[in-house]
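Heads up, the thing below is written out as structure tokens.
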Amino acid sequence: MAVELHIDLKNYRIPARKFFSRDTRTVAKSLLGAYLRHETPVGVLGGMIVETEAYMFSEPGCHAFNGMTNRNRVMFGHPAHAYTYFTYGAHWMLNIVTEKEGRGCCVLLRALEPIEGIEIMRGLRQKAKKDVDLANGPGKLTQALMIGKGQYGLDVLDSRLIVLVPERSFRRRIVDGYGGIVTTTRIGISVAEDLQYRFYLANHPCVSVHRKTV
DNA sequence: GAGACGATTTTCT
DNA sequence: GAAAATCGTCTCG
């Protein structure tokens, strides 16, 4: 059942950096219902985050597990910075660094409900048959929002790429309206497959894969 | 609607 | 040189 919730930016604000320095799984869950907004030369692109995954430095699914490399170095910096990387020869992924400086944890943003700049997104994602398909996957999300190498290391509290969080009561309406939060194992990895580090809004149409809790 | 598979290039071993 | 935090297309039912 579709839930008609008017997402108004008046209900959102930029959080303190402390929001991102908490436990990565807590941050991943808390980001459901948050708003990702990218000011690009062709217009503002934005939407509500509906699906995330946590990556902890202490488990092999995480790029930081084997220490710092040139690719992942931003993960070891301050929280709330963007970690973008390229994979499968075609796709960019967008993560946000979490926990205390030096730990190497992040949250992968996997899916978004398009809200601002939908016309532009349609041009950027011509393969999408419906608007629901504009950003319902990590690779699609970055393509729809023009996120890639140029956004590596940006501070999502103070840059052209920002994350806003809903007020407490509004967030409750979002989460309840979509039937709560589902926790599952992560998608597309071949290690640490038992960890339930994926979170999404239960009945939201823009979630990439609706998988029952394992 | 679900499962199989190829594309393509960066990164690290 | 292999693997990769994916996507779109194809096939079958």
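The sequence lines fix the lettering, A, B, ..., with proteins before strands; numbering per chain opens at 1.
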Taking the side chain as C-beta and beyond, is there a heavy-atom pair between [X] and [Y] under 4.5 Å?
{"X": "A:Trp92", "Y": "A:Met146", "answer": "no"}
{"X": "A:Thr185", "Y": "A:Arg198", "answer": "no"}
{"X": "A:Leu9", "Y": "A:Arg37", "answer": "yes"}

By side chain to side chain donor-acceptor pair (under 3.5 Å), A:Asn11 pairs with (sequence neighbours left out) none

What one-letter contact string describes nucleotides 6-13 of chain C from 5' to 3', where B marks a base within less than 4.0 Å of any protein heavy atom, S marks contact via sugar-phosphate atoms alone, and - marks no contact? BSSS----

Do the charged groups of A:Asp133 and A:Arg125 touch, with an N to O distance under 4.0 Å? no

A:Val191 and A:Phe57: same hydrophobic cluster, using ILVMFWY side-chain contacts below 4.5 Å? no

Look at the side-chain heavy atoms of Ile, Leu, Val, Met, Phe, Trp and Tyr, link any pair under 4.5 Å apart, and say whether A:Leu161 and A:Ile120 land in one connected group. yes

Have a look at A:Tyr152 and tell me which of A:Arg73, A:His81, A:Arg71 forms a side-chain contact (heavy atoms from CB on, under 4.5 Å) with it. A:Arg73

Look at the rings of A:Phe170 and A:Tyr12 and say which category their plane angle falls in: under 30° parallel, 30 to 60° tilted, over 60° perpendicular. perpendicular

Hydrophobic cluster of A:Leu195, others only, ordered by chain and residue number, side-chain cut-off 4.5 Å: A:Met56, A:Tyr197

Taking the six-membered ring of A:Tyr55, is the NZ or CZ of A:Arg186 close enough (under 6.0 Å from the centre) and on axis enough (within 45°)? yes

Does the cation-pi check pass for A:Arg22 over A:Phe20, that is, NZ or CZ under 6.0 Å from the six-membered ring centre and within 45° of its axis? no

Just the dot-bracket of DNA chain C, please: which string comes out with Watson-Crick or G-U pairs under 3.5 Å, [ ] for crossing, | for another strand? ||||.|||||||.

Near-strand residues of residues 72-83 of chain A, defined as heavy-atom separation under 4.0 angstrom from DNA chain C: none

In whole Å, what is the span from the NE2 atom of A:His63 to the P atom of C:dA4? 9 Å

Mark yes when over 12 heavy atoms from residues, nucleotides or ligands other than A:Arg160 sit less than 6.0 Å from its CZ; otherwise mark no. no

With heavy atoms of chain A within less than 4.0 Å as the criterion, where does contact along DNA chain B begin and end? B:dT8 to B:dC12

Using a 4.0 Å heavy-atom cut-off across all strands, classify A:Asn66 as base, sugar-phosphate, or nothing. nothing

